[in-house]
Amino acid sequence: AKHEGRGAIRLFTSAMDQQLRDRRALEHDLRLAVERGEFYLEYQPQHHRDGTLMAYEALVRWRHPLRGVIPPGEFIPIAEQSGAIAQIDDWVLMEACREAASWDQPLRVAVNVSAAQFRRENLDAQVRRALRESGLPAARLELEITEGVLIEEVPRARRTMQSLKSLGILIALDDFGTGYSSLSYLEAFPLDRIKVDRSFVAALGQSERSLAIVRAVIGLAHGLGVPVLAEGIETEAQMSLLVQEGCDEMQGYLLGRPRRLEAAAEKVRRAAS
Ligand code: C2E
Ligand code: CA
Ligand code: CA
Ligand code: CA
């Protein structure tokens, strides 16, 4: 038994070694990925409840030369810990603004902001530069910020948001309901939109609690005069329940999966050739 135990420990530690080596390798590759042009953006549509297409959310993808496409849930946490996130954030903001500026319809683009990016001193300068260099009108850019980053340091977060708002861009609160928000605290921020986290949408129709939460979020947002967008909608049942509850906007696989969007110029070029 003693023997087996040691064997098990050895197996265990070698599995940990392997994991650590994998991670180191990914960290290394991540540092080079921006320069090598391995990132690209997919866009997922956001619709008004009446069916009108309003906006696209930009979602980053990493095309790893050996491992194939890696989703953000796998590399963003590593990038955040290794410090590579700043470079990725800069690239995403610039690329999303550039691509959106070339769409044939003047739709809004929603860009996710990492906690690290929100905490940086120069976020507003960066946004200003992205708008200037891309030519995208400020009103067509929305930043999605998660609840977590707001709670950390309320006065500072409010200043950051106010300076962003003064540029004319919009701000959405992402993943709402997963943190610790209260009405009084939400009132402190100049929000243009609240996104209900998809975990609540997924549970709609199965749990009374999730319906109660969705209903409360909609009531709260409307009390503040802010529209609510529900994300992660996969079924007609979820959709009609949300419409019935007064949800304003919708996003999810039912309406459209994230995908590459070609620029208007690209379409014209292709049609001509
Ligand atoms: P998120 O901001 O909450 O984005 C929504 C995620 O839900 C996306 O996953 C999207 O593909 C997925 N999704 C959309 N509709 C459905 C649906 O109907 N069903 C299901 N099951 N999933 C749906 P994705 O692209 O893997 O992104 C995961 C997270 O990674 C995002 O969550 C966001 O927090 C982060 N992320 C993505 N792109 C960026 C980026 O450019 N910068 C930063 N900082 N974070 C990003
Ligand atoms: Ca988001
Ligand atoms: Ca979200
Ligand atoms: Ca999320």
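Atoms within a ligand are numbered from 1 in the order they appear, just like the ligands themselves.
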| query | For Val60 and ligand 1, does the shortest N/O to N/O distance drop below 3.5 Å? | reply | yes

| said: Below the 3.5 angstrom mark, is there an N/O of Glu144, backbone or side chain, next to an N/O of ligand 1? | reply: no

| query | Atom CD of Glu27 and atom CD1 of Ile78: how far apart are they, to the nearest 0.5 Å? | reply |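 The CD1 atom of Ile78 is 6.5 Å from CD of Glu27, to the nearest 0.5 Å.
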
| query | Is it the side chain, the backbone, both or neither of Glu231 that has a heavy atom closer than 4.0 Å to ligand 1? | reply | side chain

| task | Could you see which bit of Thr146 sits under 4.0 Å from ligand 1, with heavy atoms only: side chain, backbone, both or neither? | result |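 Thr146 to ligand 1: no contact under 4.0 Å from either part.
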
| field | 3.0 Å cut-off met by an N, O or S atom of Asp197 to the Ca ion (ligand 3) | value | no

| query | How open is the angle at the Ca ion (ligand 2) from atom OE1 of Glu144 over to atom OD2 of Asp174, rounded to 10 degrees? | reply | 90°

| Are the side chain of Arg198 and the backbone of Glu231 linked by a donor-acceptor contact shorter than 3.5 Å? |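 It does not hold such a pair.
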
| For Arg119, does its backbone N or O pair with a side-chain atom of Arg156 as donor and acceptor, under 3.5 Å? | yes

Pair [X] + [Y]: basic N to acidic O under 4.0 Å:
X: Arg120; Y: Asp90; answer: yes
X: Lys195; Y: Glu57; answer: yes
X: Asp29; Y: Arg36; answer: no

| said: Only to 10 degrees, please: what angle do the OD1 atom of Asp175 and the OE1 atom of Glu231 make about the Ca ion (ligand 3)? | reply: 150°

| query | Can you tell which of Arg198, Lys195, Glu80, Glu42 gets a heavy atom nearest to atom 12 (C) of ligand 1? | reply |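 It is Arg198 that holds the nearest heavy atom.
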
| remark: Closest to atom 29 (C) of ligand 1 (heavy atoms only, candidates Pro72, Pro45, Ser199, Ala116) is Pro72

| request: Answer with yes or no whether the side chains of Gln46 and Arg193 bring together a donor and an acceptor at under 3.5 Å. | output: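 Side chains of Arg193 and Gln46: no pair found under 3.5 Å.
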
| task | Please find out if the Ca ion (ligand 2) and some N, O or S atom of Thr146 are separated by less than 3.0 Å. | result | no

